[in-house]
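Data first, discussion second: the structure below is written as C-alpha cells.
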Amino acid sequence: MARRVAARARARARAGGVPRSEGTIQDRARVGSGGAEDALDVFDELLRRGIGAPIRSLNGALADVARDNPAAAVSRFNRMARAGASMVTPTVHTYGILIGCCCSAGRLDLGFAALGHVVKKGFRVEPIIFNPLLKGLCADKRTDDAMDIVLRGMTELRCVPNVFSHTIILKGLCHENRSQEALELLHMMADDGGGCLPNVVSYSTVIDGLLKEGDPDKAYATYREMLDRRILPNVVTYSSIIAALCKGQAMDKAMEVHDRMVNNGVTPNCFTYTSLVHGFCSSGQLTEAIKFLEKMCSNGVEPNVVTYSSLMDYLCKNGRCTEARKIFDSMVKRGLKPDITTYSSLLHGYAIEGALVEMHGLFDLMVQSDMQPDHYVFNTLIYASAKQGKIDEAMLVFSKMRQQGLKPNCVTYSTLINGYCKVTRMENALALFQEMSYKVTSKRGVTKIPLYDK
DNA sequence: CTAGGGTTAG
C-alpha cells in the first residue's frame, strides 16, 4: 500500500507538469483505485502528447508502471517504440527499465535477449542495462554468475561496473549467506582507489547481511569502518540494526539505537516503527508496542499492513483472535489490503484456538479477495482439522490443495500422518508416509514429525 | 529512471 501511495504521489508529481486546464491526469490519479492504473494513465497521457513529453518523464512513468505491473510496462514500451520514429526515442534508461521488467517477471532469457538487441542497435553499453540482469541472477541465487559478469563480462564490453552493480552483488552474496565474502568485496571496493567507492547503501547491505547471519561483532566493526570513512548512517542503516536487535528481543538496546538515530537527526519511518512494534510484541510487552503504534501515528507515519499484521500475530498467538480480527476488519475498512501473511497469521490463530468456522470463513474471504492460498495456508487448515481428530475433513482440504496445483510438502504429510495417528488409523498413516517418501525429497533427508499435545 | 531495511511457519 505504501508503495501504491508512493507511486500515486510520483504519478501526481509528474502530472504536476501538466497545465492546470488539462487536469484530467490529476483527477484520475486522485480517484484511481491503484498505483498501477494511475501510472499507466500518466504514461499514456505523456505519450499522447508526443514531442511535448520529455523522454525523462516517459522513462519515469514507465518505471512507475513497471513497479506494479511489469507486463503492462512491456506493452507500453512497445507502443512507445512504435511511436518512436516520429515522437520519442527510447534511451538506454528505457531499455534498462524494460530489461528489469523481463527479469522481475522471471524471464532472464528475455532480459539477456533485450541486452543483445541494445548492443546490436549500437547503444553504448552502460551499467544501467546490466544491473537489472545482475539483480535477476542474484534473485535466482546465481550470484557467482552475476559476479563473473561484474568482474569480467562487463569490462569486455567496455562497460565499467558502477556502485549499483557492486551493491547488487553484495546483496546477492548476503542473500546466499555469504556475508563474509560480501565484506571482502566491500573492502575491495574501498581499497580499489576510488574507482567505485562503497556508499551508505553498500555498507548498509553488508551490515544487514552480517547481522542476519548472526555476526554482530563484524557488523559493528563494519559500521565503525563506515563512520571512519565519513559515511553517515541513514534511516535504512539504523532500521536494519534496530530490526536485528528487536529480533533478538534486545529491546533496551533497540531503544538506545532508536534514540541515537533521532538525536542524529534521522527520522524513523514505517520500517523502523514496525520493527519496534514487532519487537515489543514478541518480547511480550504489548503496552510498549501499542505505545509505539500511537507514537508513529502522532509522528505522521502511517502504520501499514506489515505493522498491523505484526500486532495481529501477537494477539493470535496469545488466544486473542477476536481482537486480531477487529484490527483486520478495521484495516480493510480503511482501505489497507491484507496480504498473505496477514491471512496466514489469523488463520493460524483460529487453527490453534480450534475456531474452525471462523477459520473457513476467513479462508473464503481470502479466496474472494483474489488471494492465492499457499502451502502455509493449506497446511494450517489441515493442521486445524487434524488437531481436532477430524482427519477426513483434513483429507478434503488436502485434495483441494492438490486441485489448486500445489504440491504437498513435508509439513503437509507430517501433519496428516500425525492426524491419522491421533485417531489410530495407522494403516492410513503408513500409506501416507510411504507416499511422502517418494514424493517429497526433503533437503536434509530428515523429516520432523509434529506433536500436537505440547 | 537502477542498489540496501520491517510481518507469517507443523
Side-chain angles (χ1 to χ4, degrees), chain A residues 2 10 55-64 66-67 91-97 99-100 126-135 138 162-172 174 198-209 211-212 234-244 246-247 269-279 281-282 304-314 316-317 339-349 351-352 374-377 379-380 382-384 386-387 409-419 447-452:
Chain A
R10 276 193 302 273
I55 184 64
R56 160 105 193 182
S57 305
L58 272 165
N59 285 340
L62 189 62
D64 281 345
R67 243 181 299 275
T91 62
V92 270
H93 300 275
T94 321
Y95 283 106
I97 296 163
I99 293 172
E126 291 182 39
I128 197 157
I129 296 289
F130 270 104
N131 290 345
L133 290 164
L134 300 174
K135 204 178 165 184
C138 290
N162 62 12
V163 67
F164 286 75
S165 321
H166 281 93
T167 305
I168 292 168
I169 304 298
L170 294 175
K171 165 74 183 165
C174 293
N199 60 17
V200 63
V201 181
S202 322
Y203 271 101
S204 302
T205 304
V206 177
I207 291 168
D208 186 68
L211 288 171
K212 290 212 168 94
N234 64 14
V235 63
V236 178
T237 326
Y238 283 119
S239 299
S240 170
I241 295 167
I242 290 174
C246 287
K247 196 159 199 174
N269 64 13
C270 190
F271 279 77
T272 328
Y273 284 119
T274 300
S275 285
L276 288 165
V277 168
H278 176 244
C281 281
S282 65
N304 66 10
V305 185
V306 181
T307 324
Y308 287 120
S309 298
S310 209
L311 191 63
M312 283 171 54
D313 187 59
Y314 168 82
C316 287
K317 283 183 177 142
D339 63 12
I340 188 100
T341 307
T342 323
Y343 281 103
S344 297
S345 267
L346 195 45
L347 288 169
H348 184 247
I352 52 184
D374 61 3
H375 280 94
Y376 180 66
V377 166
N379 290 347
T380 301
I382 290 170
Y383 165 74
K387 183 183 153 132
N409 60 18
C410 232
V411 177
T412 322
Y413 280 109
S414 307
T415 309
L416 284 166
I417 291 166
N418 206 353
T447 305
K448 258 172 85 183
I449 303 290
L451 293 172
Y452 296 141

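As a basis for the values below, the full set of heavy atoms in this structure was taken, side chains included, without hydrogen atoms, waters or symmetry mates. Below, chains carry the letters A, B, ... as their sequence lines are ordered, and counting in each starts from 1.
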- Message: Under the rule for side chain to side chain contact (heavy atoms under 4.5 Å, CB included), what residues qualify as partners of Val306(A), not counting sequence neighbours?
- Response: Thr274(A), Asn304(A)
- Item | Residues forming a salt bridge (Lys or Arg N to Asp or Glu O under 4.0 Å) with Lys247(A), sequence neighbours excluded | none
- Go through the structure and list residues passing side chain to side chain contact (heavy atoms under 4.5 Å, CB included) with His166(A), not counting sequence neighbours. Val150(A), Pro161(A), Leu185(A), Met189(A), Cys196(A)
- Note on the structure: Taken in chain and number order and not counting sequence neighbours, the residues that satisfy side chain to side chain contact (heavy atoms under 4.5 Å, CB included) with Ala243(A) are Ser275(A)
- Message: Protein within reach of the bases, or only the backbone? For nucleotides 1-7 of chain B, mark each nucleotide 5' to 3' as B, S or -, using heavy atoms under 4.0 Å.
- Response: BBBBBBB
- Task: Would you please name every residue forming a side chain to side chain contact (heavy atoms under 4.5 Å, CB included) with Ser345(A), sequence neighbours left out?
- Result: Asp313(A)
